[in-house]
Every structure is written in structure tokens, then in C-alpha cells.
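Here the structure is a predicted model, which means the values were calculated and not measured. Only this structure's heavy atoms are used, side chains among them; waters, hydrogens and symmetry mates stay out.
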Amino acid sequence: MQTTWAYISNYFVYSAMAVFTFSFIAHAFETAFAVRTPENADSTAGNLLVKTLDYKRTEKTARIATALMILGFVLLLAGVVARGISAKHVPWGNMYEFSITGALAFTGAYLIALRKHDLRWLGLFVSISVLLTLGTAVTLLYRDSSPLVPALKSPWLVIHVIAAIVSGGVFLLANVVAGAYLYLERVEESGARPAWLQRVPSLEVLDQLSYRLVAFVFPLWTFSVIAGAIWAEAAWGRYWGWDPKETWAFITWVAYAAYLHARVTVGWRGRRAAWLCIFAGSTFLFNYVYVNVWGTGKHTYSGL
């Protein structure tokens with residue numbers, strides 16, 4: 001039965017990858033075919049054709065792309081749940097399980113934000129990011145379902161790790177928005193936006209959205225760090241030992257605290273705030289990738 005659920009989980013994850021691929025193609029089609037040249041544009045005498053976007057032409061494709069994103073989320077959720085049933089514990093015991101759950105949290109953060117903000121332009125970036133995460137998980141990080149090591153057998157596994165996963169998903173979304181801000185600012189400095197960027201919100205909106213995402217999830221990340229310390233005391237008899245993973249989790253907390261402090265008290269906006277947000281996010285990714293794979297310490301039970 002355990003092996004059967006493991007296969008079911010794999011099928012759901014592979015199916016989710018296929019659906020996310022179709023979602024990416026649909027988002028790309030939507031953007032590409034929304035660009036049009038007005039019929040009365042004059043191309044004589046060396047005049048450049050003025051291209052615009054008409055999303056009414058691709059509205060059906062956009063709805064399909066979003067529907068596929070939702071379907072991919074549901075399939076991936078089923079894959080994560082089936083993995084947990086197979087392993088007989090919450091599926092966060094190694095890098096593979098953390099990666100597929102992190103991709104789920106990232107997609108969920110995007111879909112929730114999509115209900116309140118016009119973020120469909122982010123669909124391309126979200127779908128490709130999820131595909132890269134899942135592709136890495138199934139090809140390089142996959143491990144068979146196995147019992148938890150003694151240090152992980154604690155209720156704090158659920159409390160600490162789910163807070164870290166949700167925080168990571170929202171942080172990554174904030175970083176994508178900050179990256180879009182920096183790219184768009186550079187484009188606007190060199191001239192008018194190209195047609196395919198017309199739908200992206202203004203720089204001010206991107207700046208505020210990135211800040212709100214970080215401000216929303218920072219308390220949860222703070223709780224995750226504290227919960228990890230409490231769990232460490234229960235498992236190893238000390239709250240803090242400057243283990244590489246603990247150290248980089250704290251560095252991430254300091255970096256995002258500095259970002260929020262710079263915005264609220266110093267008044268940082270725009271480019272400086274975006275770069276600081278991306279720097280903070282890079283510390284999280286460094287902890288997730290480098291420390292988990294090549295680091296040493298008490299967190300080397302990741303299965304790699």
C-alpha cells in the first residue's frame with residue numbers, strides 16, 4: 001500500500017508538470033498574440049509602426065491559462081497529500097518533499113494574490129518557476145518515501161516547516177515582482193515600453209505590491225525562526241547552535257527586517273528597495289539550495 005501511494009504521488013506530480021507546461025504555453029500565446037499593429041498605421045517614410053496590446057483578442061486563452069494554473073495546483077496538492085500518505089508523515093522530511101510543497105505554496109500565493117490584483121502578467125514567470133522547481137525535484141532530488149529520522153519526529157515539524165514553506169512561497173513571489181520592477185525601470189529609462197510590457201502595472205504599483213507581500217509574510221517567517229529554535233531545544237537540548245541552516249535562516253530574517261525598516265523609517269522606495277528585497281530573497285534561496293545540498297550540520301538529514 002505504501003508503494004502504491006508513492007506511485008500515485010509521482011503520477012500526480014508528473015501530471016501537474018504537464019498541466020503547468022500547457023499553462024505556460026497558454027500565457028505565452030496570450031502575450032504574443034495580444035500584440036497588434038493598428039490597421040491605419042503608416043509605415044511609409046521610415047515611420048515605425050506603433051504596436052499596442054489588445055487583450056480582448058486573447059481573453060479566452062487567458063482564462064484557459066489561469067484555469068490550467070488552478071488545475072496544476074490541485075494536481076500538485078494531490079501529489080503532496082499522496083506523498084504524505086505514502087511516507088506516513090507530513091511530506092517535509094527531505095529536499096524532494098520540501099521542493100514540491102514549496103512549489104505548491106508559490107503557486108497558491110500567486111493564485112490568492114490574483115484574486116485581488118491583476119497579476120495575470122506574472123503567469124509566465126510563475127509557471128516557468130514552478131516547472132523548474134518540480135523538474136529539479138523529480139530529476140535530482142527525488143528520494144523514496146521513508147520514515148522520519150528521530151530528530152524530525154515532533155509536532156514542531158508541522159508547525160515550523162509549514163510556516164517556512166508558506167513564507168518562502170510569498171517571499172519568492174515578492175522577489176519576482178521586485179525583479180519585474182528593476183527590469184521595467186531599465187526599459188522605461190531607455191524609452192517607451194514595448195507593446196508586450198504594456199499590461200505590467202506601473203512602477204509604483206509594483207513597488208507597493210512587493211512591499212505588501214513581504215510585510216504580510218514577515219511575521220510568519222519570524223514565527224518560523226522562533227518555532228525552529230523551540231524545536232531545536234526539544235530535539236537537541238539547545239535553542240540555538242549556529243548550525244549553518246539556523247545561521248542563514250537568521251540572516252534571511254535580518255535582511256527582510258532591514259528591508260522593512262528601510263522602507264518604513266528611512267523611506268526607501270523604488271530601485272534601492274527592490275535590490276534589497278532581491279538580496280533578502282537570495283539569502284533564502286542560498287539556504288534552501290546550497291546549505292541543504294552542500295552544507296554540514298544537524299540539518300543534513302535532508303536525504304542528499
For [Y] together with [X], are the ring centres under 6.0 Å from each other?
X	Y	value
W221	F284	yes
W248	F286	yes
Y96	Y142	yes

Between [X] (side chain) and [Y] (backbone), is there a donor-acceptor pair under 3.5 Å?
X	Y	result
R263	Y211	no
T66	R63	no
T101	E97	yes

Measure the acute angle between the ring planes of W253 and F250, then classify it against the limits of 30° and 60° as parallel, tilted or perpendicular. parallel

Shared hydrophobic cluster for V166 and V158 (ILVMFWY, side-chain gaps under 4.5 Å):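 Cluster IDs for V166 and V158 match.
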
Considering only heavy atoms from C-beta outward, does the side chain of [X] approach that of [Y] to under 4.5 Å?
X	Y	value
V170	F106	no
Y288	M95	yes
V161	V90	no

Residue pair S23 / S127, side-chain donor-acceptor N/O under 3.5 Å: no

Ionic contact status for R272 with D207, cut-off 4.0 Å: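 Here D207 does not pair with R272 in a salt bridge, since their nearest N and O are not under 4.0 Å apart.
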
Ring-face cation contact, Y183 with R271, 6.0 Å cut, 45° max: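 No, R271 does not sit over the ring of Y183.
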
